[in-house]
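Working notes for the structure below.
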Protein chains: 2
Amino acid sequence: MQGEIKKDMSRKKAILRAATAFFSQKGFSETSMSELSKITGVAGGTIFYHFKNKEELFLAVLENVKAEIIEEFGRYFGEKKFENGMEMMEGVIFFYLYLAGTMEDHFLLLHRHYPYKLAEVNPVCRGHLEAIYNCLADIFEQAILTGQKDGSVGDVNPRKTALIIFSMIDGIARFKTYNLYDAGALYNEILAACRRMLCRDTPAA
Amino acid sequence: MQGEIKKDMSRKKAILRAATAFFSQKGFSETSMSELSKITGVAGGTIFYHFKNKEELFLAVLENVKAEIIEEFGRYFGEKKFENGMEMMEGVIFFYLYLAGTMEDHFLLLHRHYPYKLAEVNPVCRGHLEAIYNCLADIFEQAILTGQKDGSVGDVNPRKTALIIFSMIDGIARFKTYNLYDAGALYNEILAACRRMLCRDTPAA
DNA sequence: TCATAAACTGACTGGTTGCTCAGTCAGTTT
DNA sequence: AAACTGACTGAGCAACCAGTCAGTTTATGA
């Protein structure tokens, strides 16, 4: 039984993994199920045996993306400890840009249009997206709240400022994947800008 | 003759206008040429008489988007005068978010994936995108440079900081179109964050 | 050993796609 | 009036699409 599950899982997971890459890199409608079956070495009907249609396959991919992103952030902030809120914010920014590089497909999918369009009519899809964005926004907010307690962050609206910084970092990550300009070259400037934005008061000159 | 040209132009422009809306709202591959011909009340072949294929039609749309965005910014900054660089930056941010609302289709198109994917293999497409982004980044940079001359903006790297603020504003505009959260509710906080980011020094407490 | 179920197959279907092309026709030039 | 032009038409085409299903293989539990 364990063996069977494993074999089942390996097929199903192979399809899921290939679908993640395809949906991310080519988009939903440009991804063809027959191409997907060809690349996974599986008959056309097998995909429809595991996932009842293309949209359900997409939702399964999105659910997996959600789980892995949230898990990665959970692991990082479970291990890592920070001196104060401002340092935590720097850690969040670093890790976000780092993940956008290592889990490129996951973030590419979130930078596409299809998930948000589907979310308008599909509550499951909307749920996944909200879970991801709430998790991320919460982390940014947590850094600000921590900083306000320990004095490293000034008096700003925590939630709104978190959303603004999140937009900024996500925008940078998005531009990077489009090769418009490089996030790496801006990294130090980003941290400096954030520090100025959040610091209690700016050092003179 | 004038009449005939006018008739030609109205058809071609009708196709272009409909294509802009479709490519923006539905994406490239979800937009069908036959649907486009139906909505413009034109025979299927007519579109291919004016534009040799779907990709060329898209490029014509993008060129038009480029021209209109650059024109709008040119008009605004041709008329409006600012007290200093910081005020100009606030004007840029206001106008960007305002345009993203009134010219929704144009910005929606730029928030899609297809243009950037096409740009990788099509120099004409790449040229249009670079023209748009250079124009926008230049305006943000100009505000910073002006502010540094008149003393309203502190000592930051002008180009890099311009790109960071641009990413931030564009990210906000993008999230707004996805209905993830509202840019309007963040507007005051955005301006405050920018002021803190750029100010020579922060007033105490 | 065998019955049952689960996993898998690939030919098939009805529908859509971007695009072509032979031909129509109003208007202009010769 | 003959010759020509260029905008426009719509039937038609090959390629491809998501999804189905009758049938085969494989694994499991008794």
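Letters A, B, ... mirror the listed sequences (proteins, then strands); counts begin at 1.
Atom CD of A/Glu55 and atom P of D/dC17 are 19 Å apart (whole Å). Residue A/Leu36 contributes atom CG, which lies 17 Å from atom C1' of C/dG10 at whole-angstrom precision. The nearest whole Å value for the distance from the NZ atom in A/Lys38 to the P atom in D/dA18 is 11 Å. Here C/dT17 presents its P atom at 17 Å from CG of B/Asn53, a figure rounded to the nearest Å.
Between B/Glu55 and B/Asn122, the side chains place a donor N or O and an acceptor N or O closer than 3.5 Å (distance only, hydrogens not considered). With 3.5 Å as the limit, one finds a donor-acceptor pair spanning the side chains of A/Asp170 and A/Tyr96.
Nearest to the side-chain atoms of A/Ser32 among the listed nucleotides C/dC19, C/dC8, D/dA18 stands D/dA18. The side chain of A/Phe48 has D/dA18 as its nearest neighbour among C/dC8, D/dA18, C/dG18. The side chain of B/Ala43 approaches D/dG10 more closely than any other nucleotide in the set D/dG10, C/dG18, D/dG19.
Proximity of A/Arg11 to the phosphate of C/dT9: a side-chain N or O atom is located under 4.0 Å from OP1 or OP2. Residue A/His50 places at least one side-chain N or O closer than 4.0 Å to OP1 or OP2 of C/dC8. In terms of phosphate contacts, A/Ser34 brings a side-chain nitrogen or oxygen within less than 4.0 Å of OP1 or OP2 of D/dC17.
Judged by the 6.0 Å and 45° rule, B/Lys12 forms a cation-pi pair with B/Phe51.
Using a 4.0 Å heavy-atom criterion, one finds that B/Thr31 contacts the sugar-phosphate atoms exclusively.
In this structure, B/Phe58 has its ring center at least 6.0 angstrom away from the ring center of B/Phe22. Residues B/Tyr114 and B/Phe23 keep their aromatic ring centres 6.0 Å or farther apart.
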**Prompt:** Under a cut-off of 3.5 Å for both distances of each Watson-Crick or G-U pair, what dot-bracket string does DNA chain C give, using [ ] for crossing pairs and | for inter-strand pairs?
**Reply:** ||||||||||||||||||||||||||||||

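The number of heavy atoms from other shown groups lying within 6.0 Å of CD (A/Glu104) does not exceed 12.
Looking at which nucleotide of DNA chain D each of A/Glu30 and A/Gly45 is closest to, the 5′-most match is held by A/Glu30.
Aromatic ring orientation, A/Phe107 versus A/His111: tilted (interplanar angle from 30° to 60°).
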